[in-house]
Each structure stands twice: as C-alpha cells, then as structure tokens.
Amino acid sequence: QPIGSIELLEDQERHQILVEWNDTSHPVPEATLPELFEAQVTASPDAVALVFEEQKLTYQELNARANQLAHHLIGLGVGPEDIVALCLPRSLEMVIGLMAILKSGAAYLPLDPDYPSDRLAFMIDDAKPVCTLVSEQTKPLLKGGALLDLNAPETIDLLQKCKDTNPTNKERVQPLTSANPAYVIYTSGSTGRPKGVAGLHFGLVNRLSWGGKNIRYRAHRSLAKSSMNFIDGSTELMGPLLHQGEVLILNSLQSRDPVYIARLASEEGIVNMTLVPGLMASLLDGVVVQNIAESPVWISSGEPINWAQQKQFNNQFPNGTLYNFYGMTEATGDSLFNLLKPSPHVLPPPIGRPIWNTQVYVLDDWLRPVPVGVRGELYIAGAGLAR
C-alpha cells in the first residue's frame with residue numbers, strides 16, 4: 001500500500017486532536033449586528049459611543065442618525081443580499097454610514113480613500129455595489145456608479161425628514177437574518193488577484209461575543225485606528241459598540257503616528273488597542289508609554305509578534321493583557337488567540353487555540369490530521385467561515 005495511506009495516529013491521539021482540542025462549543029446570540037447594537041442603545045442611551053477629535057456621539061445619537069440613513073437606503077430599495085460601498089474619511093460619518101448599511105440589511109463594502117484609484121475601481125467593478133456612500137472629499141476619487149454624497153445639502157435635508165426609529169424586518173425589502181452577509185472585504189492580493197470575502201452576521205457576532213467576554217470593552221475606552229479595508233477595522237468599532245464601550249477614532253494620519261497614539265492613549269485613558277507588532281515596538285520603545293493605563297489590553301494582529309516584544313510588554317505593564325491573534329479575512333479575521341504571559345523561553349509566541357465555535361486542524365497532503373510535532377497546513381472550520 002502507498003506509504004501515505006498508513007495511519008500514524010493512535011485512536012486516543014486522534015480523538016485528542018480532532019475532538020478535545022476543538023471542543024469550543026459556546027452559546028452566542030442568534031441575532032444580527034443591528035439587533036445587538038440596538039440592545040446597547042436601549043441599555044445606555046446617554047453613554048458616549050464615539051469620539052472623533054472634538055466631536056462626540058452618544059449611543060442614542062448614533063442610533064438615530066444611522067436609522068435616518070438606513071430608512072433612506074431602504075426607500076431606495078436596498079436590503080439584505082445587496083452591497084453598499086462606503087468611501088468616507090475616518091470620522092463619525094463613517095461609522096454612521098456603516099451602521100446605516102447594516103440596519104438596512106445590506107452588506108458594507110469599505111473603500112479606503114487612501115487606496116490607489118485603480119484598486120478602488122477594481123473593487124467597485126468586481127463587487128458591483130448598488131450605491132456608494134461618499135463625502136465631498138471622497139466623491140472625486142470614484143468614477144461612475146450611484147453615489148450618495150452625505151455632505152450634500154439636499155442629502156442632509158432629506159435625511160432629517162427620515163424616521164429615526166429602528167428599521168424592522170417589515171420595513172426592510174426582505175427580512176434580515178444572521179445568515180445574510182454583513183460585509184464584503186477584499187483580501188490583500190499578495191498571492192494573486194484580490195478576492196471579495198462575504199462575511200456573515202453570525203460569524204462576526206460569534207467573534208465579537210467572544211471578545212466581549214475576554215476583552216474589557218464595557219465602560220472602557222477603545223482605540224479605532226485600523227483601515228476599514230481590514231477586518232480589524234470592523235472589530236475595533238463593533239466590539240466596543242456591542243458592549244457599551246466608548247470608541248476613539250483616529251484619522252488616517254494619526255493612525256500612523258506612534259508618538260501621537262501613545263500620547264492620546266495616556267491622556268484619554270485608552271485601554272484597548274489592536275496593533276501590528278511593528279507599531280507595538282515603536283510604542284514600547286523609550287518613554288512614550290510611561291503614562292498609559294497601568295492595565296492595558298493590547299492585541300497583536302496582522303503579522304507575527306516576537307519574543308522580545310512580548311517580554312518588553314510584560315515588563316512595561318505587569319498588570320496588562322497581551323493577546324496574540326491569528327486569522328484571515330475568509331474566517332472573520334481572528335480565529336485563534338493566545339494570552340501571552342511572561343516566559344523565560346526565547347521562542348516565537350504561539351498563535352494559541354481557537355475561539356468559540358471554531359475548529360482548527362493541521363492536515364497533511366491527504367487532508368488527514370498529522371501527529372503532534374509534524375508539519376502540515378492549517379485549516380479552519382466553524383462559525384467564522386465566510387460564505
């Protein structure tokens with residue numbers, strides 16, 4: 001028989017790998033993102049939801065403005081299974097637009113205004129959104145298609161006349177369920193042509209519900225600095241907003257300035273930040289982090305973190321929490337996590353174990369689990385998988 005067909009795993013080891021290490025079942029709400037956000041509005045209407053420069057919105061104010069835009073979109077015939085693109089500068093209006101698209105039932109397609117024009121044109125041509133939300137600043141970046149300028153006086157006047165109540169399934173074009181897409185985000189294209197990934201409400205609800213139990217969103221401040229063209233941009237916003245947190249939004253220039261981020265984190269008492277290790281290293285280097293909250297929650301994501309960065313964080317913040325996340329656009333971003341604690345071993349920090357309702361397998365070329373210590377390829381299954 002072919003040597004590749006010989007079973008290398010004993011029954012006990014096979015059960016451990018396939019079942020015990022993937023026993024991640026956990027109940028999560030069978031609800032859509034708008035439903036969970038609206039529950040937070042009811043619970044804390046006057047709490048601050050968003051801060052951008054000198055502007056603030058409470059949960060009630062954010063909800064009302066998103067509802068007005070959502071009702072307008074529904075009136076245009078937008079609903080579940082549709083795609084609405086979002087090309088707005090980082091601002092309160094960007095989040096209002098995102099929430100309005102979700103409330104209409106459609107999936108949002110983020111278009112980062114800092115992206116090259118040919119990349120924006122490719123995504124629009126490939127995804128074919130029914131319309132694109134733009135501002136006076138971003139409108140010239142796009143050519144063709146139905147554009148809704150949120151800064152236009154006629155749009156502002158029109159939205160003020162729309163209802164500010166939560167859209168219901170009776171008002172939507174068709175009922176919205178957790179099986180409908182919530183977003184379309186394009187992969188980097190580093191290994192070929194970029195692919196539009198349609199992530200479902202259920203997958204993002206699962207990811208954010210896990211975050212609500214493991215990250216201190218409630219009654220704490222979180223920083224939103226990642227481009228919306230990455231899933232981290234969505235989780236930075238939606239995680240706190242589904243758990244009565246407060247989000248401070250950085251513009252695109254501020255988000256690339258480690259000195260500014262460190263100063264803001266210190267002055268504003270920011271607890272939660274998602275950082276690529278390169279930016280984390282800049283924050284940890286020198287005295288810029290001396291006044292940051294004593295117990296920050298930092299998430300390393302996007303590229304491998306090294307042992308020296310982990311050690312520096314643990315030394316700088318003995319009471320802090322450092323997570324190493326691993327995931328991909330096709331599985332709602334973060335699928336594995338590891339809480340990085342002080343360790344004397346100079347080893348690459350591991351990517352950890354799967355989050356709720358997620359399974360991970362290391363398989364060989366015949367798609368069979370390999371023994372512990374044997375190389376293979378990583379496969380992900382479960383609630384986070386995109387359509």
### Query
Can you check whether N206's main-chain N or O pairs, donor with acceptor, with S209's side chain at less than 3.5 Å?
no
### Task
Please list all pairs passing the ring pair (Phe, Tyr, Trp, His ring centres under 6.0 Å) test where one or both residues lie in residues 252-280, with sequence neighbours left out.
none
### Reported CD-to-CG distance for the pair Q68 and L73, which is rounded to 0.5 angstrom
12.0 Å
### Task
Say whether, by atom type as modelled, one donor and one acceptor occur between the side chain of N67 and the main chain of K163 under 3.5 angstrom.
no
### Task
Would you sort out whether T274 and F230 count as a side-chain contact (heavy atoms from CB on, under 4.5 Å), showing the intermediate values?
CA-CA 12 Å; T274 299; F230 298 93; over 6 Å; no
### Task
Sorted by first residue and then second, give each side-chain hydrogen bond (donor to acceptor under 3.5 Å, both in side chains) pair with at least one member in residues 117-129; sequence neighbours left out.
D126-Y186
### Query
Going by heavy atoms in the side chains, are P45 and Y59 under 4.5 Å from each other?
no
### Query
Is any side-chain heavy atom of T24 closer than 4.5 Å to a side-chain heavy atom of Q359?
yes
#### Entry: Side-chain donor-acceptor pair present, Y108, S234, cut-off under 3.5 Å
yes
## Note on the structure
One should read off an interatomic distance between F337 CZ and I351 CD1, to the nearest 0.5 angstrom, of 12.0 Å
### Query
Can you find a pair of side-chain heavy atoms, one from L148 and one from L69, that are under 4.5 Å apart?
yes
### Query
Would L241 and Q40 satisfy side-chain contact (heavy atoms from CB on, under 4.5 Å), going step by step from the backbone distance to the final call?
CA-CA 8 Å; L241 292 179; Q40 302 306 313; over 6 Å; no
### Rounded distance (nearest 0.5 Å) linking atom CG of L385 with atom CZ of F202
11.0 Å
### Query
Cut-off 3.5 Å, side chains only: do D232 and S301 have a donor facing an acceptor?
yes
### Query
Checking side-chain contact (heavy atoms from CB on, under 4.5 Å) for the pair V51/K56: CA distance, chi angles, key distance, verdict?
CA-CA 5 Å; V51 177; K56 292 184 179 181; 3.9 Å; yes
### Message
Let me confirm one number: the NE2-CG distance from H72 to L158, rounded to the nearest 0.5 Å.
### Response
5.0 Å
### Query
Would you find a donor on one side and an acceptor on the other, under 3.5 Å apart, between the side chain of E53 and the backbone of Q55?
no
### Message
For I355, is there any backbone N or O sitting under 3.5 Å from a side-chain donor or acceptor partner on H26?
### Response
no
### Task
Measure the shortest side-chain to side-chain distance between L133 and I101 over non-hydrogen atoms and say whether it is less than 4.5 angstrom.
yes
### Message
Donor-acceptor pair, distance only, cut-off 3.5 Å: does the side chain of H220 make one with the backbone of R218?
### Response
yes
### Query
Are any non-hydrogen side-chain atoms of S295 and V271 less than 4.5 angstrom apart?
no
### Query
Which other residues end up in the same hydrophobic cluster as W307, if Ile, Leu, Val, Met, Phe, Trp and Tyr are linked when side-chain heavy atoms come under 4.5 Å apart?
V346
Would you be so kind as to tabulate the donor-acceptor pairs closer than 3.5 Å made by side chains of residues 81-94, with sequence neighbours excluded?
unit_1, atom_1, unit_2, atom_2, d
E81, OE1, R387, NH1, 2.8
E81, OE2, N180, ND2, 2.6
E81, OE2, R387, NH2, 3.2
D82, OD2, G79, N, 3.0
R90, NE, L250, O, 2.6
R90, NH1, S226, O, 2.8
R90, NH2, A224, O, 2.8
S91, OG, P89, O, 2.9
S91, OG, E93, N, 3.4
S91, OG, M94, N, 3.3

### Message
Counting only heavy atoms from other residues, nucleotides and ligands, does the tally under 6.0 Å from CD of E13 exceed 12?
### Response
yes
### Task
Drop me the distance from I305's CD1 to Y323's OH, to the nearest 0.5 angstrom.
14.0 Å
### Query
In terms of side-chain geometry, is the basic nitrogen of K103 or E38 positioned less than 4.0 Å from the acidic oxygen of its partner?
yes
### Message
Test your reading of the model: is there a side-chain donor-acceptor pair from N229 to the backbone of P110, 3.5 Å cut-off?
### Response
yes
### Message
Starting from I156, can I reach L150 by hopping between I/L/V/M/F/W/Y residues whose side chains sit under 4.5 Å apart?
### Response
no
### Query
Any chain of hydrophobic side-chain contacts (each under 4.5 Å) joining L142 to M228?
no
### E10 atom CD: more than 12 heavy-atom contacts under 6.0 Å
no
### Message
Between Y217 and Q244, does the side-chain contact (heavy atoms from CB on, under 4.5 Å) criterion hold? Intermediate values first, please.
### Response
CA-CA 7 Å; Y217 289 133; Q244 294 180 32; over 6 Å; no
### Task
Determine whether L159 and R65 make a side-chain contact, defined as any pair of heavy atoms from C-beta on separated by less than 4.5 Å.
no
### Query
Do N357 and W210 come within less than 4.5 Å of each other through their side chains, counting heavy atoms only?
no
### Query
Around atom CD of E154, are there more than 12 heavy atoms of other residues, nucleotides or ligands at under 6.0 Å?
yes
### Query
Side chains of H201 and L102: closer than 4.5 Å at any heavy-atom pair?
yes
### Least distance between heavy atoms, V370 atom then V374 atom
CG2-O, 3.3 Å
#### Entry: Pairs flagged by side-chain hydrogen bond (donor to acceptor under 3.5 Å, both in side chains) wherever residues 135-150 is involved - sequence neighbours left out
S135-T138
### Query
Can you tell me if Q160 uses its side chain to pair, donor with acceptor, with the backbone of D157 under 3.5 Å?
no
### Short side-chain to backbone donor-acceptor contact, Q1 and I6, under 3.5 Å
no
#### Entry: side-chain hydrogen bond (donor to acceptor under 3.5 Å, both in side chains) contacts in which one or both residues fall within residues 324-345, not counting sequence neighbours
R207-D334
### Query
Within a reach of under 6.0 Å around CG of N315, are more than 12 heavy atoms found that belong to other residues, nucleotides or ligands?
yes
### Check: W356 main-chain N/O paired with T358 side-chain donor or acceptor under 3.5 Å
yes
